[in-house]
Amino acid sequence: MVSKQKEATSYYDSFSNLYDWLSPKWYYHEARAYAIQQLHLDEATTVLNLPCGTGQNFEYFQKYMNGSGLVIGIDLSEGMLEKAIKKKNENNWSNIKIINEDATQIRLPWIKENIGESFQVNAIFCDLGLSGFPDWKRVIDNLLSILSPGGRLVIMDWYIPKPTLRGRFVKWIGKGEVDRPIYQYLENQVANFKVNTSFNRGNVFVAIGVTK
Ligand SMILES: C[S@@+](CC[C@H](N)C(=O)[O-])C[C@H]1O[C@@H](n2cnc3c(N)ncnc32)[C@H](O)[C@@H]1O
């Protein structure tokens, strides 16, 4: 039997050619710009973006990082990553490292093995991922465990707790859930928790937490 995860990955492989058309920059611009500002990036930051998809965040990161520091973009779909690599190459963004990996594997041993023994991850941006990942609470716990002291985790995702037409559409096109209590879970795991639920007519939130 094909797992739900395999189905989602092959869906995103096929969908990758259309992704930037069907999910254009303007659609999440307000939420993304706010979320990325909350990461407190600068030219010395190491930021991890999971899932990085087609690399829509890269240009926002560079606004603060100017080609310095390190951006680690992780996704499980080869098709989505091909688009991300194209953006990186076309813009000569040499501070971006793109890796094909499953979100559930991103833990401290993985960072040590793939990025370096003494590496410090200062910020993590998890956008439109936790609504689809299996075992999403553990992914949040793991992400917090790899952040350096005082590091920031910023999450942007959907939250539509009651069934609506829009919720059904988002679930269908994104192959995820829209009613997971993601920011409510984050609130109990971090210091300086903050959430803004005002994006995309109140259906998209940006939540911020700092490691305890
Ligand atoms: C809705 S897209 C979001 C992409 C990007 N963050 C954005 O906002 O444009 C969801 C992404 O999650 C990726 N994905 C799904 N399951 C994953 C997993 N277990 N590990 C890593 N990436 C995964 C998909 O390949 C897809 O690129």
Side-chain angles (χ1 to χ4, degrees), residues 2-39 47-62 71-88 96-107 110-111 114 123-143 146 153-160 166-180 182 199-200 203-207:
V2 186
S3 74
K4 222 177 155 191
Q5 176 65 71
K6 276 201 177 136
E7 260 176 39
T9 309
S10 80
Y11 169 79
Y12 275 104
D13 280 341
S14 324
F15 188 36
S16 58
N17 284 323
L18 294 176
Y19 188 85
D20 286 347
W21 291 93
L22 292 177
S23 182
K25 185 179 161 185
W26 63 263
Y27 190 70
Y28 292 107
H29 172 71
E30 208 188 331
R32 252 185 234 290
Y34 172 79
I36 290 168
Q37 184 194 44
Q38 297 299 317
L39 289 165
V47 58
L48 195 141
N49 182 200
L50 170 75
C52 68
T54 62
Q56 288 200 1
N57 298 310
F58 294 168
E59 62 175 288
Y60 292 82
F61 294 148
Q62 299 298 4
V71 176
I72 306 161
I74 299 168
D75 201 283
L76 197 50
S77 155
E78 285 283 359
M80 296 293 271
L81 289 181
E82 268 173 33
K83 307 290 171 201
I85 291 167
K86 192 161 175 262
K87 285 191 184 75
K88 167 187 151 84
I96 299 180
K97 194 174 162 85
I98 293 171
I99 305 177
N100 184 321
E101 187 55 273
D102 188 325
T104 58
Q105 302 305 311
I106 311 303
R107 291 174 290 127
W110 184 92
I111 292 288
N114 291 276
I124 298 177
F125 185 35
C126 193
D127 52 327
L128 308 178
L130 291 161
S131 46
F133 295 158
D135 216 354
W136 59 272
K137 288 183 186 169
R138 188 170 301 176
V139 174
I140 292 181
D141 295 343
N142 289 343
L143 293 181
I146 64 176
L153 172 60
V154 176
I155 298 173
M156 174 185 106
D157 221 315
W158 288 89
Y159 184 56
I160 309 178
R166 190 175 206 203
R168 285 224 301 276
F169 178 73
V170 173
K171 271 178 77 161
W172 172 75
I173 192 130
K175 301 292 172 256
E177 305 298 330
V178 292
D179 57 356
R180 290 180 172 172
I182 297 170
F199 305 101
N200 300 69
N203 293 153
V204 170
F205 71 88
V206 172

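Note that ligands are numbered from 1 as they come in the structure, with each ligand's atoms numbered from 1 the same way. It should be emphasised that the depicted structure is a prediction, and the values quoted were computed from it without experimental measurement.
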### Query
Under a 4.5 Å cut-off applied to non-hydrogen side-chain atoms, are N49 and F61 in contact?
yes
### Query
Is there side-chain contact between L76 and Q5, with at least one heavy-atom pair below 4.5 Å?
yes
### Query
Is a side-chain donor or acceptor of D13 paired with a backbone partner of E78 at a separation under 3.5 angstrom?
yes
### Query
Within the distance-only criterion (no hydrogens, no angle test), does the side chain of D157 pair as donor or acceptor with the backbone N or O of S131 below 3.5 angstrom?
yes
### Message
Under a 3.5 Å threshold, yes or no: a donor from one side chain and an acceptor from the other, between D102 and T104?
### Response
yes
### Task
With a 4.0 angstrom cut-off on heavy atoms, strictly below it, pick out the residues next to ligand 1 and order them by chain and number.
Q5, Y12, Y19, R32, P51, G53, D75, L76, S77, M80, E101, D102, A103, D127, L128, F133
### Message
Is the terminal nitrogen or CZ of K87 (NZ for Lys, CZ for Arg) located under 6.0 angstrom from the six-membered ring centre of F58 and within 45° of that ring's axis?
### Response
no
